[in-house]
Amino acid sequence: QVQLVESGGGSVQPGGSLRLSCAASGSILSFTEMAWYRQAPGKPRVRVAQLTRGGATTYAASVKGRFTISRDNAKNMVHLQMNSLKPDDTALYYCNGVRNSDHALGPWGQGTQVTVSS
C-alpha cells in the first residue's frame, strides 16, 4: 500500500504560478497512471492532469497549455506545475493513481488548497 501526500498549495494572484508536489511512500511505478484532481466548493471532483506509467500525459481542456504534470521516479514524486493561474483554478487539489495490483484508485488524501484571487 502506497500513501500519497500533497503539498505546495497556497494563495496567489491571477497570472501567478504554483508548483504542487505529491510524495509517495513507495514506488510510483506501482501505479499504471498518476493524476491530479481538483474539487472546488460545491462542485464535483475532476481530473485535470494524467501521467501514465509509460510517460504519456493528458490534460483537461481547462488547463491545457498552463499546467504540466511530471514525475521523479527516483524520489517517488509527482508534480504539477501551474502557470497563468485563474480564479477558476481555485480548488482543493489531490493526487491519486490507478494501482497495478487491483486496477483501482487509491484512497483520497487531504489534498492541498490552491486559491487564486485579486
Side-chain angles (χ1 to χ4, degrees):
Q1 295 181 317
V2 177
Q3 182 180 5
L4 304 175
V5 179
E6 303 93 342
S7 64
S11 298
V12 298
Q13 295 182 350
S17 298
L18 284 173
R19 186 172 187 253
L20 307 184
S21 296
C22 177
S25 62
S27 175
I28 60 175
L29 295 178
S30 64
F31 297 91
T32 59
E33 67 174 59
M34 300 294 297
W36 284 94
Y37 301 76
R38 70 185 184 190
Q39 185 172 24
K43 298 182 179 179
R45 182 167 17 224
V46 298
R47 188 174 66 195
V48 297
Q50 176 185 334
L51 175 64
T52 71
R53 188 171 54 198
T57 59
T58 57
Y59 300 91
S62 58
V63 307
K64 281 185 178 179
R66 300 188 298 119
F67 289 12
T68 303
I69 187 171
S70 62
R71 68 186 178 193
D72 186 333
N73 291 340
K75 294 184 177 180
N76 295 321
M77 297 191 72
V78 179
H79 303 282
L80 184 68
Q81 178 66 45
M82 306 185 296
N83 298 325
S84 302
L85 285 163
K86 305 174 181 179
D88 284 349
D89 295 320
T90 296
L92 189 61
Y93 284 71
Y94 303 86
C95 64
N96 211 331
V98 175
R99 299 180 296 227
N100 296 333
S101 58
D102 60 3
H103 303 160
L105 284 173
W108 297 102
Q110 294 183 348
T112 185
Q113 179 67 41
V114 172
T115 301
V116 185
S117 65
S118 300

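Summarising the geometry, atom CG belonging to Leu20 is positioned 10.5 Å from atom NE2 belonging to His79; distances are rounded to the nearest 0.5 Å. Summarising the geometry, atom OG1 belonging to Thr32 is positioned 10.5 Å from atom CZ belonging to Arg99; distances are rounded to the nearest 0.5 Å. Atom-to-atom distance recorded for Ser7:OG and Gln110:CD is 12.0 Å, nearest 0.5 angstrom.
Between Val114 and Thr90, every side-chain heavy-atom pair lies at or beyond the 4.5 Å cut-off. Residues Leu29 and Phe31 have side chains not in contact (no heavy-atom distance under 4.5 Å, counting atoms from C-beta outward).
Taken together through direct or relayed side-chain contacts under 4.5 Å among Ile, Leu, Val, Met, Phe, Trp and Tyr, Tyr94 and Trp36 form parts of separate hydrophobic clusters. Taking hydrophobic clusters as Ile, Leu, Val, Met, Phe, Trp and Tyr residues chained together by side-chain heavy-atom distances below 4.5 Å, Val46 shares a cluster with Leu85. Follow the hydrophobic side-chain contacts under 4.5 Å out from Ile69 and you reach Val2 in the same cluster.
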message: Please evaluate residues Arg53 and Asn100 with respect to the criterion side chain to side chain contact (heavy atoms under 4.5 Å, CB included), reporting the C-alpha separation (whole Å), side-chain torsions for both, the decisive distance (0.1 Å), and the verdict.
response: CA-CA 10 Å; Arg53 188 171 54 198; Asn100 296 333; 2.8 Å; yes
task: Assess whether side chain to side chain contact (heavy atoms under 4.5 Å, CB included) is satisfied between Asn76 and Ser27, documenting all intermediate values.
output: CA-CA 6 Å; Asn76 295 321; Ser27 175; 4.0 Å; yes
Verdict with reasoning, Tyr59 to Gln50, per side chain to side chain contact (heavy atoms under 4.5 Å, CB included): CA-CA 6 Å; Tyr59 300 91; Gln50 176 185 334; over 6 Å; no
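Paired with Glu33 under the rule side-chain contact (heavy atoms from CB on, under 4.5 Å), one option of Val98, Thr58, Leu105 passes, and it is Val98. Screening Thr112, Leu4, Leu80 for a side-chain contact (heavy atoms from CB on, under 4.5 Å) with Cys95, the sole residue that qualifies is Leu4.
Scanning for side-chain hydrogen bond (donor to acceptor under 3.5 Å, both in side chains) contacts around Asn96 gives an empty result, with sequence neighbours left out.
For the pair Ala91 and Gln113, the tightest heavy-atom approach, listed with the atom from each and the gap, is O-NE2, 3.3 Å. Thr57 and Leu51 make their closest contact through CG2-CD1, 3.5 Å (heavy atoms, listed as atom of the first residue, atom of the second, distance).
Identified under the salt bridge (Lys or Arg N to Asp or Glu O under 4.0 Å) test for residues 69-89, with sequence neighbours left out: Arg38-Asp89, Arg66-Asp89.
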Side chains of residues 8-17: which donor-acceptor pairs under 3.5 Å do they make with residues two or more places apart or in other chains?
{"from": "Ser17", "atom 1": "OG", "to": "Asn83", "atom 2": "OD1", "distance (Å)": "2.9"}

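Under the 3.5 Å distance criterion, the side-chain polar atoms of Glu6 are matched with a main-chain donor or acceptor of Gly111.
Using cut-offs of 30° and 60° on the angle between ring planes, the pair Tyr37 and Trp108 is perpendicular.
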